[in-house]
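Structure first, then comments.
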Amino acid sequence: MSHTNRGRAQDRARVAAGQDYEVRYEADKEGVSKAEVKDAVHDVGNSRRKVEARLEEGE
């Protein structure tokens with residue numbers, strides 16, 4: 001697990017829905033809107049794998 005500049009552990013397996021850059025990255029990667037990413041996180045939790053699966057099934 002990598003660390004941020006502040007020394008905190010960073011978990012790349014999770015989507016931080018409160019962080020605009022994370023939501024924007026996931027939206028660009030999946031070709032969906034930021035609102036769809038936030039809805040997916042709300043529906044299935046913040047697991048990146050589950051969020052991506054949810055966004056792919058919505059297509």
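Partners of Ala16 according to the side-chain contact (heavy atoms from CB on, under 4.5 Å) rule, which considers only residues two or more places apart in sequence or in another chain, are Gln19, Glu22. Among residues two or more places apart in sequence or in another chain, the salt bridge (charged side-chain N to carboxylate O under 4.0 Å, His left out) test is passed with Glu36 by none. Under the side-chain hydrogen bond (donor to acceptor under 3.5 Å, both in side chains) criterion, Ser47 pairs with no residue, sequence neighbours left out. Partners of Lys50 by side-chain hydrogen bond (donor to acceptor under 3.5 Å, both in side chains), not counting sequence neighbours: none found. Under the salt bridge (charged side-chain N to carboxylate O under 4.0 Å, His left out) criterion, Lys34 pairs with Asp20, not counting sequence neighbours. For Asn46, the side-chain contact (heavy atoms from CB on, under 4.5 Å) test picks out Arg14, Val41, with sequence neighbours left out.
Residue pairs satisfying the salt bridge (charged side-chain N to carboxylate O under 4.0 Å, His left out) criterion with at least one member in residues 38-47, sequence neighbours excluded, are listed as follows: Asp43-Arg54.
Interatomic distance, CZ of Arg48 versus OH of Tyr25, reported as 6.5 Å (0.5 Å rounding).
In this structure, Val51 and Ala40 approach most closely via the heavy-atom pair CG1-CB, 4.1 Å.
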